[in-house]
Engineer: 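Okay, handing you the structure first.
Residue numbers count from 1 along this sequence.
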Amino acid sequence: MMSKGRNVRGEGNMKEDSLELIQHELAILVRYVTSVSPNRNGGNLDRSGFLLLYELEFGGSAGVKALAEQFHLDISTVSRQAAALEAKGYVSKVPNPSDGRSYNYQITEIGRQEFNAYKTKRINSLKNIMNEWNEEESEQFGKMLKKFNKAFS
């Protein structure tokens with residue numbers, strides 16, 4: 001017996017059922033993540049700034065074009081975000097070693113401190129949310145999220 005868009009016996013449309021579940025759960029996840037974001041309580045860093053600082057901290061200095069490609073954003077968007085971080089003293093411009101006409105951004109010590117404080121708040125939020133998860137579940141979830149995010153590249 002068939003119902004609209006779904007095989008009652010569980011055959012056939014499992015992929016569509018899975019995708020329906022995933023899209024719904026992602027929408028809920030985005031809402032929750034936004035609601036518990038550390039900067040909602042007066043922090044100095046937003047999500048986009050955190051991601052740029054993360055890339056600069058672990059990937060080293062980078063130019064706007066490389067950062068835009070990394071995050072699949074327009075150069076103008078990344079340029080505005082980087083300028084906001086520079087105005088706060090979280091990043092500084094340094095000459096591009098391969099092209100003296102352009103510059104890269106690098107994280108500053110104050111930027112590193114703000115980044116680490118924000119990251120600690122995020123990790124503590126996750127600890128509270130996932131306090132009933134065991135290490136295997138947490139590790140598997142992290143691996144699946146990483147795989148999902150890599151699919152965008």
Engineer: Output the distance between atom CD (Glu25) and atom CD (Glu20), rounded to the nearest 0.5 Å.
Structural biologist: 10.5 Å
Engineer: Which residues satisfy the salt bridge (Lys or Arg N to Asp or Glu O under 4.0 Å) test with Lys143, sequence neighbours excluded?
Structural biologist: Glu139
Engineer: Taking the six-membered ring for Trp, are Phe58 and Tyr54 parallel (under 30°), tilted (30 to 60°) or perpendicular (over 60°)?
Structural biologist: tilted
Engineer: Name all residues meeting the side chain to side chain contact (heavy atoms under 4.5 Å, CB included) criterion together with Leu29; count only those two or more places apart in sequence or in a different chain, and write none if there are none.
Structural biologist: Leu26, Val33
Engineer: Using side chain to side chain donor-acceptor pair (under 3.5 Å) as the criterion, list what pairs up with Lys146, not counting sequence neighbours.
Structural biologist: none
Engineer: Extract all donor-acceptor atom pairs below 3.5 Å that involve side chains of residues 127-138 and protein atoms in other chains or at least two apart in sequence.
Structural biologist:
{"unit_1": "Asn128", "atom_1": "ND2", "unit_2": "Asn124", "atom_2": "O", "d": "3.4"}
{"unit_1": "Asn134", "atom_1": "OD1", "unit_2": "Glu136", "atom_2": "N", "d": "3.0"}
{"unit_1": "Asn134", "atom_1": "OD1", "unit_2": "Glu137", "atom_2": "N", "d": "2.7"}
{"unit_1": "Glu137", "atom_1": "OE1", "unit_2": "Asn134", "atom_2": "N", "d": "2.9"}
{"unit_1": "Ser138", "atom_1": "OG", "unit_2": "Asn134", "atom_2": "O", "d": "3.2"}

Engineer: Table please: side-chain donor-acceptor pairs of residues 84-98 below 3.5 Å, with sequence neighbours left out.
Structural biologist:
{"unit_1": "Lys88", "atom_1": "NZ", "unit_2": "Asn44", "atom_2": "O", "d": "2.6"}
{"unit_1": "Asn96", "atom_1": "OD1", "unit_2": "Ser98", "atom_2": "N", "d": "2.9"}
{"unit_1": "Asn96", "atom_1": "OD1", "unit_2": "Ser98", "atom_2": "OG", "d": "2.9"}
{"unit_1": "Asn96", "atom_1": "ND2", "unit_2": "Ser102", "atom_2": "OG", "d": "3.3"}

Engineer: Show the atom names and distances, to 0.1 Å, of all donor-acceptor pairs under 3.5 Å that link a side chain in residues 62-73 to residues at least two apart or in another chain.
Structural biologist:
none

Engineer: Atom CD in Gln113, atom CG in Leu53: separation rounded to 0.5 Å?
Structural biologist: 12.0 Å
Engineer: Which pairs, with at least one residue in residues 72-81 and sequence neighbours excluded, count as a salt bridge (Lys or Arg N to Asp or Glu O under 4.0 Å)?
Structural biologist: none
Engineer: Between CD1 of Ile123 and OH of Tyr118, what distance do you get to the nearest 0.5 Å?
Structural biologist: 12.0 Å
Engineer: What are the two closest heavy atoms between Ala83 and Tyr105, and how far apart are they?
Structural biologist: N-OH, 4.3 Å
Engineer: Just wondering, are more than 12 heavy atoms of other shown residues or ligands nearer than 6.0 Å to CD1 in Ile110?
Structural biologist: no
Engineer: What distance separates Lys121 NZ from Leu126 CG, expressed to the nearest 0.5 Å?
Structural biologist: 14.5 Å
Engineer: Would you list the pairs meeting salt bridge (Lys or Arg N to Asp or Glu O under 4.0 Å) in which at least one residue belongs to residues 49-61, sequence neighbours left out?
Structural biologist: Glu57-Arg112
Engineer: Side chain to side chain donor-acceptor pair (under 3.5 Å) with Ser48: which residues, sequence neighbours excluded?
Structural biologist: Asp46
Engineer: List in chain and number order the residues that pass side chain to side chain donor-acceptor pair (under 3.5 Å) with Gln140, two or more places apart in sequence or in another chain; answer none if no residue qualifies.
Structural biologist: none
